[in-house]
Amino acid sequence: MCGFVGCFDLNSGSQPIGEGLREELRAQVLEMSKKIRHRGPDWSGIYTGDNAILSHERLSIVDPLSGKQPLVSDDNKIILAANGEIYNHKELRESFKGKYNFRTGSDCEVIIPLYKECLAGGGDFEDIIEKLSGIFAFALYDSEHDTYLIARDEIGVIPLYQGWDKNGRYYVASELKA
């Protein structure tokens with residue numbers, strides 16, 4: 001069991017996002033993430049970008065050596081924080097041989113090339129979920145297009161909470177208390 005917290009649309013609201021506000025929001029996300037640290041005592045990671053912040057608390061099960069999150073794509077443009085398990089990750093990984101350079105052995109990293117494939121083909125992002133077999137929730141941020149994709153498994157086994165602050169910033173988390 002892992003956990004993540006994400007904050008998106010940092011530039012929403014009347015207060016322009018400067019370095020001071022970005023650092024304030026980063027500190028806020030870190031405090032939120034501390035509340036779910038029990039979900040992942042093996043690693044804590046954070047990504048801070050121009051319009052998104054993602055934190056992750058990791059319990060190392062699959063790929064304990066290199067699967068630290070948030071995961072970053074081979075071109076450094078896509079950032080992913082995920083919780084759960086992708087059962088068919090080996091088959092999916094095999095299908096991307098020669099098309100995508102995996103950085104880790106994490107089962108969740110297959111979400112990134114699925115997203116890239118869908119984006120390149122003009123597909124429906126629901127196709128990504130359909131191709132994944134498992135129990136999962138994830139927050140993916142595409143820094144090049146300044147877009148995000150938040151999803152969970154079709155049955156909803158893995159929890160995912162969402163909300164907005166008074167400035168319109170969008171938050172997601174693995175637990176409500178975050």
Side-chain angles (χ1 to χ4, degrees), residues 1-8 29 33 36-49 51-162 172-175:
M1 169 173 64
C2 297
F4 63 87
V5 175
C7 180
F8 302 91
V29 169
S33 199
I36 60 170
R37 187 145 300 148
H38 63 278
R39 297 179 67 93
D42 297 328
W43 166 260
S44 295
I46 190 160
Y47 162 82
T48 305
N51 207 22
I53 301 169
L54 287 167
S55 72
H56 190 268
E57 302 297 333
R58 181 166 191 250
L59 177 63
S60 298
I61 297 173
V62 177
D63 188 22
L65 299 177
S66 68
K68 297 177 173 100
Q69 292 193 39
L71 296 166
V72 179
S73 64
D74 59 353
D75 60 5
N76 296 316
K77 296 177 182 177
I78 299 167
I79 298 85
L80 173 71
N83 176 27
E85 185 176 354
I86 309 300
Y87 303 142
N88 63 337
H89 71 97
K90 289 180 183 177
E91 295 85 14
L92 290 169
R93 185 179 287 269
E94 190 65 30
S95 73
F96 287 107
K97 207 172 224 172
K99 299 179 202 173
Y100 180 82
N101 296 314
F102 287 91
R103 291 181 158 183
T104 73
S106 169
D107 57 322
C108 295
E109 189 176 0
V110 297
I111 296 167
I112 295 172
L114 281 171
Y115 172 82
K116 290 177 93 167
E117 179 181 73
C118 188
L119 190 65
D124 185 350
F125 292 113
E126 289 180 18
D127 292 342
I128 297 169
I129 309 310
E130 303 246 341
K131 290 179 181 178
L132 295 171
S133 173
I135 55 172
F136 56 86
F138 66 82
L140 180 147
Y141 178 63
D142 181 336
S143 64
E144 181 178 29
H145 298 100
D146 191 27
T147 59
Y148 49 89
L149 176 63
I150 312 301
R152 65 192 257 187
D153 61 89
E154 295 169 322
I155 299 172
V157 173
I158 300 297
L160 181 63
Y161 297 90
Q162 63 180 344
V172 294
S174 297
E175 278 190 38

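Along the sequence shown, residues are numbered consecutively beginning with 1. Just so you know, these numbers use all the heavy atoms, side chains as well, and skip hydrogens, waters and symmetry mates.
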query = Going through the distances and angles, do I53 and I46 end up as a side-chain contact (heavy atoms from CB on, under 4.5 Å)?
reply = CA-CA 7 Å; I53 301 169; I46 190 160; 3.8 Å; yes
In short, L160 meets A151 closest at the heavy-atom pair CD2-O, 3.8 Å
CG (L132) and CG (L114) are apart, to the nearest 0.5 Å, by 5.5 Å
What verdict does the side-chain contact (heavy atoms from CB on, under 4.5 Å) test give for L140 and I128, after you've listed the backbone C-alpha separation in whole Å, the side-chain angles of each residue and the deciding distance to 0.1 Å? CA-CA 12 Å; L140 180 147; I128 297 169; over 6 Å; no
Between I158 and G84 the two heavy atoms that sit nearest each other are CD1-CA, 4.1 Å
Quick check: are there more than 12 heavy atoms from other residues, nucleotides or ligands sitting under 6.0 Å from CD of E91? yes
Between V110 and D107, the two heavy atoms sitting closest are CG2-O, 3.3 Å
Taken in chain and number order and not counting sequence neighbours, the residues that satisfy ring-ring contact (aromatic ring centres under 6.0 Å, His included) with F136 are none
Are L71 and C108 close enough that some pair of their side-chain heavy atoms sits under 4.5 Å apart? yes
**Request:** Would you check, one step at a time, whether the test salt bridge (Lys or Arg N to Asp or Glu O under 4.0 Å) holds for D75 with K116?
**Result:** CA-CA 11 Å; D75 60 5; K116 290 177 93 167; 3.1 Å; yes
side-chain contact (heavy atoms from CB on, under 4.5 Å) filter on E154, not counting sequence neighbours, yields I129, E130
Value for CD1 (I79) from CD (Q69), rounded to nearest 0.5 Å, stands at 12.5 Å
Here the gap from Y148 atom OH to C7 atom SG, rounded to the nearest 0.5 Å, amounts to 9.5 Å
Closest heavy-atom pair, S133 versus N88, reported as atoms and distance to 0.1 Å, is N-OD1, 3.0 Å
Next on the checklist: Do Y115 and P113 make a side-chain contact, defined as non-hydrogen atoms from C-beta onward lying under 4.5 Å apart?
Outcome noted: no
| request: Check whether any side-chain heavy atom of Y100 lies under 4.5 Å from a side-chain heavy atom of E109, and answer yes or no. | output: yes
Rounded to the nearest 0.5 angstrom, the CG-CD1 distance for L80 and I111 is 5.0 Å
>> Is it true that D146 and Y141 share a donor-acceptor pair across their side chains at a distance under 3.5 Å?
In response: yes
Shortest non-hydrogen pair, S33 vs H56, comes out as OG-N, 4.5 Å
Answer whether the closest heavy-atom distance between the side chains of F8 and V172 falls below 4.5 Å. yes
*asked:* Within the structure provided, determine whether S143 and I78 are in side-chain contact (heavy-atom separation under 4.5 Å).
replied: no
With sequence neighbours left out, the residues meeting side-chain contact (heavy atoms from CB on, under 4.5 Å) with D127 are D124
Report yes if some heavy atom in the side chain of E57 is under 4.5 Å from a heavy atom in the side chain of F4; otherwise report no. no
Does D153 use its side chain to pair, donor to acceptor, with the backbone of G134 at less than 3.5 Å? no
| Quick one: does R152's side chain get under 4.5 Å of F138's, heavy atoms only? | no
For Y87, the ring-ring contact (aromatic ring centres under 6.0 Å, His included) test, sequence neighbours excluded, returns none
Sorted by chain and number, sequence neighbours left out, side-chain contact (heavy atoms from CB on, under 4.5 Å) with E144 holds for K77, D142
To the nearest 0.5 Å, atom OG of S95 lies from atom NZ of K131 at 8.0 Å
Across all chains, not counting sequence neighbours, the side chain to side chain donor-acceptor pair (under 3.5 Å) partners of Q162 are Y170
Heavy atoms of A81 and S55 approach each other most closely as CB-O, 4.3 Å
Separation between CZ (R93) and CD1 (I86), nearest 0.5 Å, reads 11.5 Å
Next on the checklist: Show, in sequence, the C-alpha distance, side-chain angles and deciding distance for L119 and F125, and conclude whether the side-chain contact (heavy atoms from CB on, under 4.5 Å) test is met.
Outcome noted: CA-CA 8 Å; L119 190 65; F125 292 113; 4.0 Å; yes
- Task: Please examine the side chains of I135 and I155, heavy atoms only from C-beta on, and report whether any two atoms are closer than 4.5 Å.
- Result: no
